[in-house]
Amino acid sequence: MMACSQTCSCILGLSLGTTALFAAGANVVLLFPNWDVTYLLRGLIGKHAKLGTGLWGAGLMVLTAATLISLTGWRYGCFRKSGPCRRMLTALLSSGLALLGALICFITSGAALKDGPFCVFDVSSFNQTQPWKYGYPFKDLHTRNYLYDHSLWNSVCLEPSKAVVWHVSFFSTLLCISVLQILLVVIHFVNSFLGLFCSLCEE
């Protein structure tokens with residue numbers, strides 16, 4: 001049972017590490033709409049992308065936790081002879097770190113999808129002196145939900161082109177990755193608890 005628990009830790013650590021790299025990659029792509037660096041240089045990037053929760057939350061924090069989880073699972077790892085209680089403490093710390101990073105990314109991604117993309121949109125009907133501006137055109141659009149009304153995707157945002165598709169695609173990716181990370185953390189916690197129980201029984 002202990003060998004199974006250690007193997008499971010190795011697999012979970014590797015899986016979490018992989019999701020962390022994907023999360024970091026998705027967040028980096030959000031900083032370059034349409035693969036154009038000029039928006040970042042001009043500071044015309046949405047606040048949710050600039051927060052970088054996919055980089056330091058679901059990315060770095062989860063990757064750090066994944067490394068700790070993998071170490072506890074290696075047969076000749078750093079924690080092999082540290083005792084079941086210390087291994088459980090390491091598991092709790094790593095699970096807590098990964099869970100916090102994943103939750104932060106999940107909340108930010110959900111808020112980003114709710115507010116919509118940061119783009120140029122036409123405001124001529126509201127302000128005749130300024131026909132367009134940068135902002136969040138879907139944030140206060142209470143009558144229609146842009147996530148379901150695809151007719152708004154190409155008609156509201158004027159620049160960057162396909163801003164809505166870019167925003168929805170990569171923030172949805174971050175949302176799914178963070179959900180997967182949360183599930184993996186829960187599995188790791190259960191696996192660690194079973195490993196501790198079996199260690200105590202063996203002793």
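Predicted model, so just to flag it, every value in this text is computed and none were measured.
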Do you reckon [X] sits in the same ILVMFWY cluster as [Y], going by side-chain contacts under 4.5 Å, direct or chained?
| X | Y | answer |
| --- | --- | --- |
| Leu180 | Phe22 | no |
| Leu184 | Leu103 | yes |
| Val62 | Ile182 | yes |
| Leu51 | Leu174 | no |
| Phe121 | Val165 | yes |

With side chains defined as the heavy atoms from C-beta onward, is the minimum distance between [X] and [Y] less than 4.5 Å?
| X | Y | value |
| --- | --- | --- |
| Val168 | Trp153 | yes |
| Ile45 | Phe32 | no |
| Leu92 | Phe189 | yes |
| Phe106 | Val179 | yes |
| Arg144 | Ser151 | yes |
| Ser94 | His188 | yes |
| Ser172 | Leu113 | yes |
| Pro117 | Trp166 | no |

Test side chain to side chain contact (heavy atoms under 4.5 Å, CB included) on Tyr134 and Glu159; report intermediate values, then the result. CA-CA 9 Å; Tyr134 267 95; Glu159 187 186 347; 3.8 Å; yes
Using the six-membered ring wherever Trp is involved, compare the ring planes of His48 and Phe171 and label them parallel, tilted or perpendicular (cut-offs 30° and 60°). perpendicular
Quick one: [atom1] on [X] to [atom2] on [Y], what's the gap to the nearest 0.5 Å?
| X | Y | atom1 | atom2 | answer |
| --- | --- | --- | --- | --- |
| Leu100 | Cys105 | CG | SG | 11.5 Å |
| Thr67 | Leu97 | OG1 | CG | 10.0 Å |
| Thr18 | Ile177 | OG1 | CD1 | 10.5 Å |
| Leu63 | Leu55 | CG | CG | 12.0 Å |
| Thr38 | Leu44 | OG1 | CG | 8.0 Å |
| Ser15 | Leu183 | OG | CG | 12.0 Å |

Go through Val164 and Leu152 one step at a time and tell me if the side chain to side chain contact (heavy atoms under 4.5 Å, CB included) criterion holds. CA-CA 9 Å; Val164 182; Leu152 298 172; over 6 Å; no
Answer with yes or no whether the side chains of Ser161 and Asn34 bring together a donor and an acceptor at under 3.5 Å. yes
Could you walk me through whether Thr19 and Leu16 satisfy the side chain to side chain contact (heavy atoms under 4.5 Å, CB included) test, starting with their C-alpha distance in whole Å, then the side-chain angles of each, then the deciding distance to 0.1 Å, before giving a yes or no? CA-CA 5 Å; Thr19 61; Leu16 273 173; 4.2 Å; yes
So Trp56 and Asn27, side chain to side chain contact (heavy atoms under 4.5 Å, CB included) or not? Walk me through it. CA-CA 10 Å; Trp56 58 266; Asn27 204 134; over 6 Å; no
Indicate the atoms forming the closest heavy-atom contact of [X] with [Y], along with that distance.
| X | Y | result |
| --- | --- | --- |
| Phe138 | Cys157 | CE1-SG, 4.0 Å |
| Gly59 | Ala23 | N-CB, 4.5 Å |
| Ala163 | Cys119 | CB-CB, 4.1 Å |

Look at atom NZ of Lys50 and say whether more than 12 heavy atoms of other residues, nucleotides or ligands are closer to it than 6.0 Å. yes
Flag this pair as yes if the NZ/CZ of Lys47 is under 6.0 angstrom from the six-membered ring centre of Tyr136 and inside a 45 degree cone about the axis; otherwise no. yes
Using modelled atom types only, decide if a donor and an acceptor are shared between the side chain of Gln181 and the backbone of Ala58 within a distance under 3.5 Å. yes
